[in-house]
Protein chains: 2
Amino acid sequence: MSNPEHTEEATKTLRILAVDDHEITILGYKFILEDVEFDGYNIIVDTATTFESAKKIIEDSVDSFKYDILFLDVQLFAPNEDQPYTGEDLGILARKLVPETKIVYMSSFSDNFRINSILKTVDPDGYLVKTDIDPKSLEDAVKTIVLDPPYYSSKALGAIRKKMANDIELDEKDRKILFHLSKGTKTKDLEKFIRLSPSSIENRKRHLKTLFGTENENDLALILAAKNKGFI
Amino acid sequence: MSNPEHTEEATKTLRILAVDDHEITILGYKFILEDVEFDGYNIIVDTATTFESAKKIIEDSVDSFKYDILFLDVQLFAPNEDQPYTGEDLGILARKLVPETKIVYMSSFSDNFRINSILKTVDPDGYLVKTDIDPKSLEDAVKTIVLDPPYYSSKALGAIRKKMANDIELDEKDRKILFHLSKGTKTKDLEKFIRLSPSSIENRKRHLKTLFGTENENDLALILAAKNKGFI
DNA sequence: AGCAAATCCTTAAAAATTCTATGGATTTTA
DNA sequence: TAAAATCCATAGAATTTTTAAGGATTTGCT
């Protein structure tokens, strides 16, 4: 279990860093979290609104106190301004720098592809879909994450459940095909993202359609079925 | 959501069938569950201690009232008396007969292989490892399962987390090899369970050992590593 | 210790699967 | 309707998996 520096009984401190590009959201977390009654802990919430500033704060913390929990927004930047780094990258970085620190993700929607990816690359101690969050559940989350992780919010659990219940097995190339198709990439352009010949891509697409029970239907039907089963 | 037959406001009834081969365990559930305060529901717990009796009760219920929740013990029988049917079979049956009924599993230990199998074949609305259960968590479980399933107890979530965080991909044959090896089956006897030649099995075993980082170690090291990552 | 059984490892050929290029039919889009 | 994109079938190439056979090593048992 994470072990914050503290004197024996007096006031134990639980240090949290919340990273979200919306200032107002951060204020919400800070307001709720610093109010949580939890086993005599004094909860302190620091904040950051950009990848760079969060990175700096975490790096600085390595040699002094370390944070007990990191709350990371999955979508650190607006999708159109193509910033190179996301919340996922920040989590990967943090795992290296401060492995004992618990990491919790928050995302606006339950994007299955993203959830699956983060569960593999970061294996966070918690995953909260924002619409699931209210003061009480956030409090539950903090306690569970400290005492007996992981904590997954209801919608996150829904995505995980779908994935676990699935007996369709896809390899990396299949997943990439589905992902890029769902982003609107045209079949003929897929070869730029996936190291396969156009005809192989077509073969795999046809194979995917039989797997998902959308034979002789178009690509839209395929990606809808894939979404439905939690792959995208 | 499941909709038990009840008159408008008066007393809504929540019907539960608990199946476990240990009488004493059932009494525990009954005692706790019928005491739960839940939104004006009157909770009734019926019980069964064998596969056959449970099957009969469920079949009979199809044409009258239907149960809202089934609590099923994973290990319905002692492992030595090789009864043909397990809690998993009962769940599969129930899903067919009464698809609206919520199904919850309880198991004595967090056997990853079993959990993974049940999550695929039955996709239950809840999975509780018995050592995680106390009156409060059981109450939470019932409420969550009725209102917003699924509910997975802490140790079950641990197993699920391991699985989701894994990037090792095994096919059915690999999984069978691991499973039978872990049961003590000798390599030369594996071919009776898996449609492969002895030399293929050896190849796959070697491949598995590299995947799990136990190259040049014995089979025990392999199955320990596989257990550790949640595959067995 | 010593024997037998089981496991481990290599090699090489057979079998199966996947990839690829090509050409043409069909559908979608502008 | 013309052009572009998608869909589908075929067949040879490339890759991976399976299989058989041999011997080296380890394990289990008396």
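Below, read A as the first sequence line, B as the second, and so on, with proteins coming before strands; counting in each chain starts at 1.
The side chain of B:K188 contributes no N or O atom lying less than 4.0 Å from OP1 or OP2 of C:dA5. OP1 or OP2 of D:dC7 has at least one side-chain nitrogen or oxygen of A:K205 nearer than 4.0 Å. Here A:N216 reaches the OP1 or OP2 of D:dC8: one of its side-chain N or O atoms lies under 4.0 Å away. Phosphate proximity of C:dT20 to A:S197: present, with a side-chain N or O under 4.0 Å from OP1 or OP2.
Summarising the geometry, the separation between CG on B:N218 and P on D:dT27 is reported as 7 Å, rounded to the nearest angstrom. If you take NE2 of B:H207 and C1' of C:dC8, they are 17 Å apart, rounded to a whole angstrom. Between the NZ atom of A:K173 and the C1' atom of C:dT20 there is a distance of 12 Å, given to the nearest Å. We find that NZ of A:K209 is positioned 11 Å from C1' of D:dC8, with the value rounded to whole Å. One can place CG of A:L208 at 16 Å from C1' of D:dT6, the figure rounded to the nearest angstrom. Counting to the nearest Å, the C1' atom of D:dA3 and the NZ atom of A:K186 are 12 Å from each other. Across the protein-nucleic acid pair, B:N203 atom CG and D:dT19 atom C1' stand 9 Å apart, rounded to whole Å. The CG atom of B:L196 sits 13 Å away from the C1' atom of C:dA16 (whole-angstrom rounding).
Classification of B:E59 and B:K56 as a salt-bridged pair fails, no side-chain N sitting under 4.0 Å from a carboxylate O. A salt bridge does not link A:R95 with A:D123: every distance from a Lys NZ or Arg NE/NH1/NH2 to an Asp or Glu carboxylate oxygen is 4.0 Å or more. Electrostatic pairing of B:D167 and A:K120 does not count as a salt bridge here, judged by no charged N lying under 4.0 Å from a carboxylate O. Ion pairing of B:D148 with B:K143 is absent here, as no side-chain N (NZ or NE/NH1/NH2) approaches a carboxylate O to less than 4.0 Å.
Aromatic ring centres of A:F193 and A:F179: separated by at least 6.0 Å.
Using a 4.0 Å heavy-atom cutoff across all strands shown, B:D219 reaches sugar-phosphate atoms only and no base atom. A:R204 comes within 4.0 angstrom of the backbone, heavy atoms only, and of no base.
Not a single donor-acceptor contact under 3.5 angstrom links the side-chain atoms of B:T187 to the base of C:dA6. At a cut-off of 3.5 angstrom, counting only N and O atoms as typed in the model, there is a donor on one side and an acceptor on the other between the side-chain of A:S199 and the base of C:dA21.
Counting only heavy atoms from C-beta on, B:R206 has its side chain closest to C:dT10 among D:dC7, C:dT10, C:dA6.
Each of B:T185 and A:R195 lies near DNA chain C, and the nucleotide nearest B:T185 is the one positioned closer to the 5' end.
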